[in-house]
Protein chains: 2
Amino acid sequence: MILSRTSQYAVQALIYMATQPSETPVLNKDIAAQLGVPAPYLAKILQSLAKGNLLFSFRGRLGGFCLREEGEKITLMQILLLTEGPAFTQSCLLGLKKCSDETACPLHFRWLPVKKKIIDLLQETTLEKLAKAVESGKYRLADVPGKLFEQVKV
Amino acid sequence: MILSRTSQYAVQALIYMATQPSETPVLNKDIAAQLGVPAPYLAKILQSLAKGNLLFSFRGRLGGFCLREEGEKITLMQILLLTEGPAFTQSCLLGLKKCSDETACPLHFRWLPVKKKIIDLLQETTLEKLAKAVESGKYRLADVPGKLFEQVKV
DNA sequence: ACAATATAAAACAATCTTGTCCGAATATCC
DNA sequence: GGATATTCGGACAAGATTGTTTTATATTGT
């Protein structure tokens, strides 16, 4: 598995938030329900994203979470640096502590161009793009998405 | 982290084995010492690789482990399919159970070409190539490799 | 028989994921 | 202003998974 479950939930949640009107805070409870993920776990993830300055959080009635920046500015890389840790981009395939151009594992120079592709993807993919994809109805954010964009307003 | 520790140890161990003469079995104990990884844990990994038909194992005195095929035939993909599980190549970045061209997550088509690069790399990289890289002395298989290819025979 | 070795199983520890609980903050209603 | 409902915040623990160690057993060559 490339990403930890924590990272997967974080990305899913932020994409969902980017599909919602940005004026009113989104509830952890609602996000969890829409994605079908455990609410207590998601709450902890959202709190850490708020500490990482990616979200605003508001307590009390009418509280919830808001994206701190507009969706077009937030990249997947920003999210994953918070959830996977800052060493995320420098990790060695074989797990060596020190694996650089000078002291390299035998896979280092084969892995380098692929890693660059991954990093490029993560840096150029913004929440806005992903949110639009979901809003188009052609892509889904969760298994058995149920009524993510099929619900009728009452 | 891209690979589990189990996978990292497995790849390291098999590369090391490929650098050793193929006639005589290699001892788990020796591999563990050279790589600086816990021997009992490595033993479990090697056993599972033997069950997956990648290694021969011999019990008793003069026993040990041998590569089942020559190094040039064994690819990283073969190893990781055993240690990461057969679903390894189809995993969705966001963790969706069903994420195919028909039912896709918003990252699916962006991720696809990158995933292909990874799979290509894993399929075309053989133990032989990696073993030769290590034997050249320019690459290291473990942190603080100590005397991996510096030791003097007595 | 003995020593060296792999194999198996089980025990232990650490980490990751999930759930429960209660307190703190905030808006709304009276 | 005070009561109330709602929501985040944080502590704690249960469960699951992964990683690590220990112990015992079986096999093989000398």
Side-chain angles (χ1 to χ4, degrees), chain A residues 1-13 17 20 23-33 35-68 80 82-85 87-88 94-95, chain B residues 1-13 17 20 23-33 35-68 80 82-85 87-88 91 94-95 97:
Chain A
M1 178 150 49
I2 303 282
L3 299 179
S4 68
R5 186 134 307 173
T6 294
S7 294
Q8 293 174 343
Y9 288 172
V11 172
Q12 287 178 24
M17 291 181 69
Q20 299 302 110
E23 306 84 43
T24 60
V26 189
L27 302 187
N28 171 69
K29 187 177 56 175
D30 291 344
I31 304 174
L35 301 179
V37 309
Y41 188 37
L42 182 63
K44 260 178 48 172
I45 296 171
L46 294 181
Q47 282 158 26
S48 80
L49 293 178
K51 274 191 191 141
N53 291 332
L54 228 50
L55 296 179
F56 287 115
S57 70
F58 304 100
R59 297 211 261 196
R61 221 178 138 145
L62 300 192
F65 294 91
C66 287
L67 292 178
R68 194 138 170 169
L80 296 182
L82 287 180
T83 55
E84 298 280 319
F88 174 53
L94 293 187
Chain B
M1 174 148 51
I2 304 281
L3 298 180
S4 67
R5 183 134 312 171
T6 294
S7 294
Q8 293 173 343
Y9 287 174
V11 173
Q12 287 178 25
M17 291 180 69
Q20 298 302 108
E23 307 84 42
T24 60
V26 189
L27 300 188
N28 172 69
K29 187 177 55 176
D30 290 344
I31 305 174
L35 300 179
V37 309
Y41 185 34
L42 182 62
K44 251 174 62 169
I45 298 171
L46 294 181
Q47 283 156 26
S48 79
L49 294 178
K51 273 190 193 143
N53 291 332
L54 227 52
L55 294 179
F56 286 115
S57 70
F58 303 100
R59 299 213 256 197
R61 216 182 141 151
L62 300 192
F65 294 91
C66 285
L67 294 179
R68 191 137 170 169
L80 297 181
L82 288 178
T83 53
E84 297 280 318
F88 174 55
S91 67
L94 293 187
K97 309 259 186 311

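Protein chains get the first letters and strands the later ones, always in sequence-line order, with residue 1 at the start of each. All figures in this text were calculated on a predicted structure; none of them were measured in a lab.
- B:Lys29 contributes no side-chain N or O that forms a donor-acceptor pair with the base of C:dT5 under 3.5 Å.
- The phosphate of D:dT7 has neither OP1 nor OP2 within less than 4.0 Å of any side-chain N or O from A:Ser57.
- Take the nearest nucleotide of DNA chain C for A:Ala39 and for B:Ala43: the residue whose nucleotide is more 5' is B:Ala43.
- As judged by a 4.0 angstrom heavy-atom cut-off over every strand, B:Tyr9 is placed among residues touching the sugar-phosphate backbone only.
- Within the model, atoms OG of A:Ser57 and NZ of A:Lys51 stand 10.0 Å from one another, a figure rounded to the nearest 0.5 Å.
- Rounded to an integer number of Å, the gap from OH of A:Tyr41 to C1' of C:dC21 is 20 Å.
- Across all strands, B:Leu27 comes closer than 4.0 Å only to sugar-phosphate atoms, never to a base (heavy-atom distances).
- Side-chain atoms of B:Tyr9 and B:Pro38, non-hydrogen and from C-beta on, do get closer than 4.5 Å to each other.
- Within the nucleic acid shown, A:Pro38 comes within 4.0 Å of sugar-phosphate atoms alone, with no base atom in reach, counting heavy atoms only.
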What's touching nucleotides 25-28 of chain C from the protein side, N or O pairs under 3.5 Å?
unit_1 : atom_1 : unit_2  : atom_2 : d
C:dA25 : O4'    : A:Arg59 : NE     : 3.4
C:dT26 : O4'    : A:Arg59 : O      : 3.4
C:dT26 : O2     : A:Arg61 : N      : 3.0
C:dA27 : O4'    : A:Arg61 : O      : 3.4

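- A distance of 10.0 Å separates CG of A:Leu42 from OG1 of A:Thr6, quoted to the nearest 0.5 Å.
- The CD atom of B:Gln8 lies 7.0 Å from the CG atom of A:Leu94; values are rounded to the nearest 0.5 Å.
- As a whole-Å value, the separation of B:Ile31 CD1 from C:dT5 P is 13 Å.
- If you measure from atom CG of B:Leu55 to atom P of C:dT5, you get 18 Å, rounded to the nearest angstrom.
- In this entry the distance linking CG of B:Leu42 with C1' of C:dA6 reads 13 Å, nearest Å.
- Just one residue in the list A:Leu46, A:Leu49, A:Leu54 forms a side chain to side chain contact (heavy atoms under 4.5 Å, CB included) with A:Phe65, and that residue is A:Leu46.
- Computed from coordinates, the A:Lys44 NZ to C:dT17 C1' distance equals 8 Å when rounded to whole Å.
- Under 4.0 angstrom from either OP1 or OP2 of C:dT17 there lies at least one side-chain N or O belonging to A:Thr6.
- The CG atom of A:Asp30 sits 12 Å away from the C1' atom of D:dT6 (whole-angstrom rounding).
- Closest approach of B:Gln12 to B:Val37, counting heavy atoms only: OE1-CG1, 4.3 Å.
- Distance A:Leu35 CG to C:dT18 P: 13 Å, rounded to the nearest Å.
- Separating the CZ atom of B:Arg5 from the C1' atom of C:dA14 is a distance of 11 Å, rounded to the nearest angstrom.
- Between atom CE of residue B:Met17 and atom SG of residue B:Cys66 there is a gap of 6.0 Å, rounded to the nearest 0.5 Å.
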